[in-house]
Each structure stands twice: as structure tokens, then as C-alpha cells.
Colleague: 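Take a look at the following structure, please.
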Amino acid sequence: MRKIGVLTSGGDAPGMNACIRAVTRYAIDQGLEVYGINQGYVGLLQGSINLMNKRSVSDIIQRGGTMLKTARCPEFKEREVMARAVDALDDYGIEGLIVIGGDGSFRGAKDLYEMFGVKTVGIPGTIDNDLAYTDFTLGFDTTCNTVLGAINNLRDTMTSHNRVCIIEVMGRKCGDIALYAGIGGGAELILVPEVEFNIDNVVKGIRRNQRLGKTSDIIVLAEGVCKAEELKAQLKAKGVEGSIKTTTLGYIQRGGAPSMQDRMLGAKFAVRAVDLLKADKGGRVVGIRDNQIIDDDIAEALAMPRIFNKELYKTATILGS
Ligand code: ADP
Ligand code: F6P
């Protein structure tokens, strides 16, 4: 293989730039030509493809977002649309494609491999940490740190007023951002979609904390459970007294300079992905398990069921009381 492409797709995540930089510089070092594809699969369809050199990726390691831009491209699920993307790759002589994104982006990469024989390698880039085959995805650590900063700030003001605060965080159907940032931030309650929601238990928890003399209650709520305002309304309807405030962190938690961990992951994932393509292997995804960089078959990785860390959730409940 002589020419490879790289794209970012789906929601951007801090560390994507560090990873693009590492892919580009390592691949060039290994004698490959690297093409940057803009706006994910949209760029493939539009032929928005540029040859990269080592200087193309200067001054990006510390930046959140993605210099290649990203997009959601719903029509990419159609075979005829995908065939046009394959034509674009052929026009440039690109034989291998690195897709940095989440499970949706990986489904595109899997189809390109299985239906058209394009050698694709997926690098997990999403703040949600919702891919079963890897312990961590690029961006998750940075996002958790951003949420931690918000919890610290909110704690100051909530304690000063003896208030309850519901902090809604992202994650789609995955509760990992809430769980990890909640533990790190000392949240009193963490609500995630993987654990059945029971409003009476939440009320009980708040009342117990008030009895225990806690001066603030931080409830970290994963967006996959419900909206912060909905939870507040339910608590009020159940007669919870006192002031309840809500904060939805939104896109603040998706931007920002990547953490050390995400930069390191970006570098290590990139090296493994380029090595796979160099060895002419496609239909793979890279990841990290038990602190070791691994690669798996893309179809098997996507079929793996996510196992929620119930022990960690139990620990969080104990520590928050
Ligand atoms: P993420 O990759 O972060 O999960 P999305 O789910 O939005 O984000 O997926 C990103 C893009 O991947 C979609 O806009 C689409 O172009 C492509 N994609 C998603 N699902 C599929 C699928 N089943 N088949 C082919 N391509 C898909
Ligand atoms: O998948 C990453 C993510 O930030 C989710 O946590 C969130 O639900 C979603 O993307 C928001 O997507 P959009 O950028 O399309 O609003």
C-alpha cells in the first residue's frame, strides 16, 4: 500500500487533531502518502481531498475539534452513495482509509470494507465512550475533565446557598461521562441510562443527604436518562423542598485542549492503525484494553454488547453518601 486517507466523522472529540497529526507524520515516516479528507464521508462524496505533508499538521496537537472538519452524512448508508465515495478514493489511488469516529462512522467503514473491499481501519474518537470493544475512546478523558471543572465551580456556589444542582451531561445512551466525572467530582447522585431510573430513590437520596447535614447536592444526570428540567419538575412534584438549580453543560464539554491521556491515545492509536494498513490489513478497529493497544475485527467489535461497570456505579453511590 502506498497511499492512505484519513477522515474524522460524527461528533468531534478532543484528541482528534493529535491523532490526525500522528497518523500523518508516522505514515509519511513509513513511506506512505497521506490524504486528508474533509468533513468525513461528505468530503469523500465531494472529492474534498488534500495531500498532506508533515507541516500540514503543525500547531494542532493542543487544539480540540478537528482540522479536517467533521459531518454527519445520513445518505452514506445507501450503497449507491457509498459507491461514489469508492470512485473518489480510486481517482486518488487511495488504497487504505483511517476513519476516526464513533460507532456510526465505524458502520460506514465496515460497509466500505465488506461491500467494496476498501481497506478501512477505525480509530475510536467520541466523547461518549460508548464502544464496547475498547476501554476508552479519544476525547472521553478531556470531556470528563471539563465536566469536573464545571462540578467544582457549581459546588462552590451550591454550597454557599444550600442548594440542589442537577448537572446534565452528554453521552447519548451511555452513562460513562456522568459516571466518571460524577465520581471524580464527588457527586451525591449519578443517574445513568444503564441503571433503571426511580424518582422515589432520588427523592430519598436528597432527603437522606439533607438529614446527614450536607450543604449541597450535586446530581450528575446523563442526557440518556432525561432532561435536567424534567428531573427538576419531577422532584418538585414529589415535594422536595428548597432551591433546585439546573445546568446543562452542552457543547462546552465537547471542545477544549485535549488532556495528556487523549494526546497519548491519539498517538498510539495512530501508530497501530498505520501499521495495520502498511501490512495491507483492513476491516479492523484499534482500541485500548487493560492499558494495551489492541486491534479487532470491525464487525466483531461493533457486535460486542456494552457491559456497564456496575461495581464502579456501586462505589460511586457509596462515596456520594
Ligand atoms: P458517530 O460516528 O460519532 O457515532 P454518527 O452516528 O452520527 O456519529 O455517524 C457518523 C456518520 O457515519 C453518519 O453521518 C453516516 O455518514 C455514517 N454512518 C452512520 N451509520 C451508518 C451505517 N449504518 N452505515 C453506513 N454509514 C453510517
Ligand atoms: O456523540 C457525541 C455527542 O456529543 C453526544 O454526546 C451528543 O448527544 C451528540 O453528539 C450531539 O450531537 P450534535 O453535535 O449533532 O448536536
Side-chain angles (χ1 to χ4, degrees), residues 14 64 127-130 139-257 259 308-321:
I127 64 167
D128 300 337
N129 209 38
D130 58 352
F140 172 68
D141 183 66
T142 306
T143 292
C144 286
N145 283 313
T146 304
V147 175
L148 277 188
I151 293 176
N152 294 343
N153 290 7
L154 289 164
R155 178 74 78 184
D156 290 344
T157 170
M158 296 303 150
T159 303
S160 304
H161 290 264
N162 289 345
R163 280 174 169 163
V164 173
C165 184
I166 303 165
I167 307 171
E168 183 189 318
V169 301
M170 282 183 167
R172 284 207 171 141
K173 291 185 181 135
C174 177
D176 277 14
I177 296 175
L179 178 61
Y180 281 69
I183 291 178
E188 274 70 22
L189 276 167
I190 300 169
L191 301 175
V192 295
E194 294 89 344
V195 176
E196 203 187 335
F197 174 75
N198 181 327
I199 189 67
D200 293 320
N201 286 344
V202 180
V203 173
K204 238 188 262 171
I206 294 172
R207 296 216 164 110
R208 183 202 54 212
N209 290 340
Q210 284 166 348
R211 269 199 317 277
L212 289 172
K214 287 204 173 229
T215 52
S216 62
D217 243 317
I218 299 281
I219 303 174
V220 181
L221 170 71
E223 67 176 355
V225 177
C226 67
K227 295 255 140 231
E229 282 300 328
E230 285 165 18
L231 176 58
K232 176 178 170 175
Q234 288 192 50
L235 291 175
K236 283 285 169 199
K238 286 277 176 185
V240 172
E241 283 163 10
S243 170
I244 303 174
K245 298 291 175 187
T246 61
T247 296
T248 299
L249 291 186
Y251 295 96
I252 293 271
Q253 68 204 294
R254 214 160 75 181
S259 64
F308 182 68
N309 193 337
K310 285 195 182 125
E311 276 306 305
L312 197 57
Y313 189 75
K314 215 168 116 194
T315 304
T317 310
I318 294 166
L319 299 184
S321 65

Colleague: Could you measure the distance from the CG atom of Leu249 to the CG atom of Leu221? Nearest 0.5 Å is fine.
Modeller: 10.5 Å
Colleague: Would you say Pro14 and Ile127 make side-chain contact, with heavy atoms under 4.5 Å?
Modeller: yes
Colleague: Can a donor-acceptor pair be found, under 3.5 Å and without considering hydrogens, that links the side chain of Thr157 to the backbone of Asn153?
Modeller: no
Colleague: A side-chain contact here means heavy atoms from C-beta on lying under 4.5 Å apart; do Pro193 and Glu223 qualify?
Modeller: no
Colleague: When rounded to the nearest 0.5 angstrom, what is the spacing between NZ in Lys245 and NE2 in His161?
Modeller: 9.0 Å
Colleague: Sub-3.5 Å donor-acceptor pair from the side chain of Ser321 to the main-chain atoms of Ile318, do we have one?
Modeller: yes
Colleague: Measuring only between side-chain heavy atoms, which start at C-beta, is Leu235 closer than 4.5 Å to Val203?
Modeller: yes
Colleague: Can you find a pair of side-chain heavy atoms, one from Asp200 and one from Lys238, that are under 4.5 Å apart?
Modeller: yes
Colleague: About how many Å separate CD1 of Ile183 and CD1 of Ile190, when rounded to the nearest 0.5 Å?
Modeller: 5.5 Å
Colleague: Atom CG in Asp217, atom CE in Met158: separation rounded to 0.5 Å?
Modeller: 11.0 Å
Colleague: Please round to the nearest 0.5 Å and tell me the distance separating atom CZ of Arg208 and atom NZ of Lys214.
Modeller: 8.0 Å
Colleague: Is there side-chain contact between Val225 and Leu231, with at least one heavy-atom pair below 4.5 Å?
Modeller: no
Colleague: Using the rule given for side-chain contact (heavy atoms from CB on, under 4.5 Å), can you reason through Val164 versus Asn209, listing the C-alpha separation, both sets of side-chain angles and the distance that settles it, and then say yes or no?
Modeller: CA-CA 10 Å; Val164 173; Asn209 290 340; over 6 Å; no
Colleague: Could you check whether atom NZ of Lys236 has more than 12 heavy atoms from other residues, nucleotides or ligands sitting under 6.0 Å from it?
Modeller: yes
Colleague: Any donor-acceptor pair under 3.5 Å linking the side chain of Thr159 with the backbone of Ser216?
Modeller: no
Colleague: Is a donor on one side and an acceptor on the other found under 3.5 Å between the side chain of Glu168 and the backbone of Thr246?
Modeller: no
Colleague: Can you see which heavy atom on Ser259 is nearest to which on Asn145, and at what distance?
Modeller: CB-ND2, 4.0 Å
Colleague: Leu148 and Ala181: which non-hydrogen atoms are nearest, and at how many Å?
Modeller: CD2-O, 3.4 Å
Colleague: Where do Val192 and Ala178 come nearest, in terms of heavy atoms and distance?
Modeller: CG1-CB, 4.1 Å
Colleague: Of the non-hydrogen atoms in Cys174 and Asp130, which two are nearest, and what is the gap between them?
Modeller: CB-CB, 3.6 Å
Colleague: Hey, does Ile219 have a side-chain heavy atom less than 4.5 Å from the side chain of Ile206?
Modeller: yes
Colleague: Could you walk me through whether Asn152 and Asp156 pass the side-chain contact (heavy atoms from CB on, under 4.5 Å) test, one step at a time?
Modeller: CA-CA 7 Å; Asn152 294 343; Asp156 290 344; 5.8 Å; no
Colleague: Just by distance, do the side chain of Arg155 and the backbone of Gly186 share a donor-acceptor pair under 3.5 Å?
Modeller: yes
Colleague: Set out, in order, the CA-CA distance, both residues' side-chain angles and the distance that settles side-chain contact (heavy atoms from CB on, under 4.5 Å) for Asp141 and Tyr180, then state yes or no.
Modeller: CA-CA 9 Å; Asp141 183 66; Tyr180 281 69; over 6 Å; no
Colleague: On a heavy-atom basis, which atom in Val195 and which in Phe308 lie closest, and how many Å separate them?
Modeller: CG2-CE2, 3.8 Å
Colleague: More than 12 heavy atoms of other residues, nucleotides or ligands under 6.0 Å from CD1 of Ile252: is that the case?
Modeller: no
Colleague: Counting distance only, does the side-chain N/O of Gln253 pair as donor-acceptor with the main-chain N or O of Met170 below 3.5 Å?
Modeller: yes
Colleague: Ignoring hydrogens and geometry, is there a side-chain-to-backbone donor-acceptor pair from Glu188 to Ile218 under 3.5 Å?
Modeller: yes
Colleague: Taking all heavy atoms of Leu179 and all of Ala316, pick out the closest pair and write down the distance.
Modeller: CD1-CB, 4.1 Å
Colleague: So, does Thr247 use its side chain to make a donor-acceptor pair with the main chain of Ile167 at under 3.5 Å?
Modeller: no
Colleague: How far does CG of Asp128 sit from CG of Asp176, to the nearest 0.5 angstrom?
Modeller: 9.0 Å
Colleague: Begin with the C-alpha distance, continue with both residues' side-chain angles, and end with the deciding distance and a verdict on side-chain contact (heavy atoms from CB on, under 4.5 Å) for Lys204 and Arg207.
Modeller: CA-CA 5 Å; Lys204 238 188 262 171; Arg207 296 216 164 110; 6.0 Å; no
Colleague: Within the side chain of Lys232, is there an N or O that forms a donor-acceptor pair under 3.5 Å with the backbone of Ile244?
Modeller: yes
Colleague: Do the non-hydrogen side-chain atoms of Tyr313 and Thr317 ever get within less than 4.5 Å of each other?
Modeller: yes
